[in-house]
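What follows is a single structure, written as structure tokens, with notes after it.
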Amino acid sequence: MGKEIERKYLLDAFPEAEVERGALQVLSRQTIYQTYLAYSAKEEIRVRQIEDEKGERTYTHTFKSGHGMVREEIEYAISGELYEQLLSRTKLTPLMKVRTTVACDGAKFEIDEYKQVDLIVVEAEFADLSAAQYFIPPAWFGRELGTEDEYRNKTLWLQLQTAE
């Protein structure tokens, strides 16, 4: 199993001023449709449809375990046919977000703008725990969300299912 080490921060708005003054370079944008197939308090299995700026689609299947800054993660590509089979008999609503990957001072960050809820976050991923612990966020980052359950993708997705 691989490890995902990340920290998540709240943003009031997309940092357009940082892009305009050249402090941030936009590397890519993707629209992500994320659906959970199974979950518990500490584990989840999800699928994603990811559409890039050219309209090309890829699909992933992911297992995550744990809670907090360091989690176990197994992720791999699946076919569009398998993705459709997994979701075809469900009435599940995917969580939709636009992910903008940006570069800033040699680091890459992912900004997620959620479409069904009023929320924008930025995530920083790290190669090891030490780098995560000593990370000093740029001034445009908002407050750290840490392990606040209300901002987890799974929680946001579950709220969409009960709203239907």
Side-chain angles (χ1 to χ4, degrees), residues 4 6-20 23-41 43-64 67-69 71 73-104 107-125 137-164:
E4 175 187 60
E6 70 178 15
R7 292 174 68 177
K8 185 186 282 191
Y9 300 83
L10 187 63
L11 295 179
D12 291 331
F14 186 87
E16 198 61 50
E18 301 295 319
V19 173
E20 288 174 9
L24 283 181
Q25 294 77 43
V26 173
L27 302 176
S28 67
R29 278 207 170 88
Q30 305 171 311
T31 302
I32 299 172
Y33 302 88
Q34 182 166 303
T35 305
Y36 290 82
L37 302 176
Y39 53 86
S40 67
E43 295 176 318
E44 57 197 50
I45 297 172
R46 70 164 194 235
V47 290
R48 280 181 171 171
Q49 174 183 297
I50 304 163
E51 188 171 322
D52 69 16
E53 296 163 294
K54 297 175 187 170
E56 295 179 22
R57 294 179 180 163
T58 57
Y59 304 87
T60 63
H61 183 271
T62 306
F63 168 79
K64 288 190 178 191
H67 192 60
M69 191 184 319
R71 301 174 68 193
E73 179 182 65
I74 300 171
E75 183 171 77
Y76 53 89
I78 60 173
S79 68
E81 292 81 12
L82 181 54
Y83 174 85
E84 292 299 329
Q85 281 181 7
L86 289 168
L87 296 180
S88 67
R89 289 187 170 76
T90 74
K91 293 186 180 3
L92 301 172
T93 301
L95 179 64
M96 183 178 157
K97 57 188 176 181
V98 173
R99 172 166 289 166
T100 305
T101 303
V102 297
C104 176
K108 286 184 184 175
F109 303 112
E110 294 176 335
I111 300 169
D112 287 342
E113 299 176 81
Y114 293 85
K115 295 305 176 185
Q116 297 119 317
V117 293
D118 185 24
L119 179 66
I120 304 174
V121 300
V122 59
E123 295 180 354
E125 290 198 21
W140 56 272
F141 277 37
R143 74 176 172 88
E144 185 166 7
L145 299 175
T147 58
E148 295 181 49
D149 281 342
E150 69 184 283
Y151 296 103
R152 294 182 67 200
N153 284 313
K154 181 175 67 177
T155 303
L156 298 171
W157 178 81
L158 282 168
Q159 291 169 351
L160 289 176
Q161 307 320 300
T162 58
E164 294 292 314

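- The residues R46 and E75 are annotated as salt-bridged, a charged nitrogen and a carboxylate oxygen being separated by less than 4.0 angstrom.
- If you run side chain to side chain contact (heavy atoms under 4.5 Å, CB included) between V102 and each of V122, L24, L27, only L24 comes through.
- Y33 pairs by the ring-ring contact (aromatic ring centres under 6.0 Å, His included) definition with nothing, not counting sequence neighbours.
- At least one side-chain heavy atom of I78 sits less than 4.5 Å from a side-chain heavy atom of L86.
- Between the CG atom of D112 and the OG1 atom of T101 there is a distance of 8.5 Å, given to the nearest 0.5 Å.
- The structure places CG of L37 at 6.0 Å from CG of L87, a figure rounded to the nearest 0.5 Å.
- Annotation: side chain to side chain donor-acceptor pair (under 3.5 Å) contacts of R71 (sequence neighbours excluded): E44.
- Interatomic distance, F109 CZ to T100 OG1, rounded to the nearest 0.5 Å: 14.0 Å.
- The OG1 atom of T58 lies 7.0 Å from the CD atom of Q30; values are rounded to the nearest 0.5 Å.
- Q116 pairs by the side chain to side chain donor-acceptor pair (under 3.5 Å) definition with nothing, not counting sequence neighbours.
- The two residues Y36 and L92 come nearest to each other via the heavy atoms O-CD1, 3.8 Å.
- The environment of NZ in K115 is crowded: more than 12 heavy-atom neighbours from other residues, nucleotides or ligands sit within 6.0 Å.
- Remark: T35 pairs with no residue by the side chain to side chain donor-acceptor pair (under 3.5 Å) rule, at least two apart or across chains.
- Judged as a side chain to side chain contact (heavy atoms under 4.5 Å, CB included), and not counting sequence neighbours, the contacts of L119 are L10, Y114, V117, V121, Y151, L156.
- Residues satisfying the side chain to side chain donor-acceptor pair (under 3.5 Å) criterion with T31, sequence neighbours excluded, are absent altogether.
- Across all their heavy atoms, G142 and L11 have their closest contact at N-CD2, 3.9 Å.
- Under the side chain to side chain contact (heavy atoms under 4.5 Å, CB included) criterion, S88 pairs with no residue, sequence neighbours left out.
- When all heavy atoms of K154 and Y39 are compared, the closest pair comes out as CD-CB, 3.6 Å.
- For the atom pair NZ (K97) and CD1 (I111), the distance works out to 13.0 Å, reported to the nearest 0.5 Å.
- Remark: E51 pairs with R57 by the salt bridge (Lys or Arg N to Asp or Glu O under 4.0 Å) rule, at least two apart or across chains.
- When the side chain to side chain contact (heavy atoms under 4.5 Å, CB included) test is applied to T155, the partners found at least two apart in sequence or on another chain are D149, R152, Q159.
- Taking all atoms of both residues into account, the shortest heavy-atom contact from F14 to E113 is CD1-OE2, 3.6 Å.
- The nearest pair of heavy atoms linking R29 to E53 is O-CG, 3.2 Å.
- Here the side chain of W157 pairs a donor or acceptor atom with the backbone of T93 at under 3.5 angstrom.
- Residues K8 and E148 fail the side-chain proximity criterion, which asks for heavy atoms closer than 4.5 Å.
- The two residues S79 and Y59 make their nearest non-hydrogen contact at C-CD1, 4.0 Å.
- The side chain to side chain contact (heavy atoms under 4.5 Å, CB included) check on A17 picks up nothing, with sequence neighbours excluded.
- Distance CG/N153 to CG/L158: 11.0 Å, rounded to 0.5 Å.
- No more than 12 heavy-atom neighbours from other residues, nucleotides or ligands sit within 6.0 angstrom of CZ on R89.
- For E18, the salt bridge (Lys or Arg N to Asp or Glu O under 4.0 Å) partners two or more places apart in sequence, or in a different chain, are R21.
- Every pair tested for ring-ring contact (aromatic ring centres under 6.0 Å, His included) that includes a residue from residues 84-103 fails, sequence neighbours excluded, so the list is empty.
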